[in-house]
2 protein chains.
Amino acid sequence: MKKSIFYHAGCPVCVSAEKEIIELIGKDNLEIVDIGTVTTRILEAEKAGVNSVPALLTPSGQVLHLNFGASLSALKA
Amino acid sequence: MKKSIFYHAGCPVCVSAEKEIIELIGKDNLEIVDIGTVTTRILEAEKAGVNSVPALLTPSGQVLHLNFGASLSALKA
């Protein structure tokens, strides 16, 4: 299976969602990207349809926004 | 693994999220509940912390709201 990408920014909501997603999908099926730190990947996330973090980009290209931690615009500010 | 419960209400956002979640977690690990139809389970979802659908209640008791389809209050109206 192609990996899903979990975008987060280290916020408490992100950390909690990350824990659940790892539990459900398995770490091996995930690429975990902290766009709070690796800001060079914000644009890529945005292009994929990510509006806020935490978010999961599935192998089929759909974005699942998981709860709400921070908007992408806040990360760029 | 204990099952996760996927609460939805048949809305387009719900249907799309359901497809992704089945793909990621597997149908065998999911109980899928349409609280738009089975309104007797709205209270249970609410007690678990579900504010809107689609939402996934994980085996650890955490709620992941996946995108936004409809608020629970709208379903009760």
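Throughout, a chain's letter reflects where its sequence line sits, starting with A, and its residues are numbered from 1.
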Report summary line: Whatever's closer than 4.5 Å to a heavy atom in chain B on Ser16(A) counts as side chain

Is [Y] reachable from [X] through a run of I, L, V, M, F, W or Y residues, each pair having side-chain heavy atoms under 4.5 Å apart?
X        : Y        : answer
Leu57(A) : Ile22(A) : no
Val13(A) : Ile35(A) : no
Ile5(B)  : Leu64(B) : no
Leu56(A) : Val33(A) : no
Tyr7(B)  : Leu72(B) : yes

Query - Test item: side-chain donor near acceptor, Glu20(B) and Ser60(A), under 3.5 Å - result: yes

Query raised in the report: Of Val63(A), Asn67(A), Leu66(A), which is the lone residue that meets side-chain contact (heavy atoms from CB on, under 4.5 Å) with Leu66(B)?
Result: Leu66(A)

Query raised in the report: How many angstroms lie between atom CG of Leu24(B) and atom CD of Gln62(A), to the nearest 0.5 angstrom?
Result: 11.0 Å

Query raised in the report: How long is the gap from OG1 on Thr58(B) to CD1 on Ile21(A), to the nearest 0.5 Å?
Result: 9.0 Å

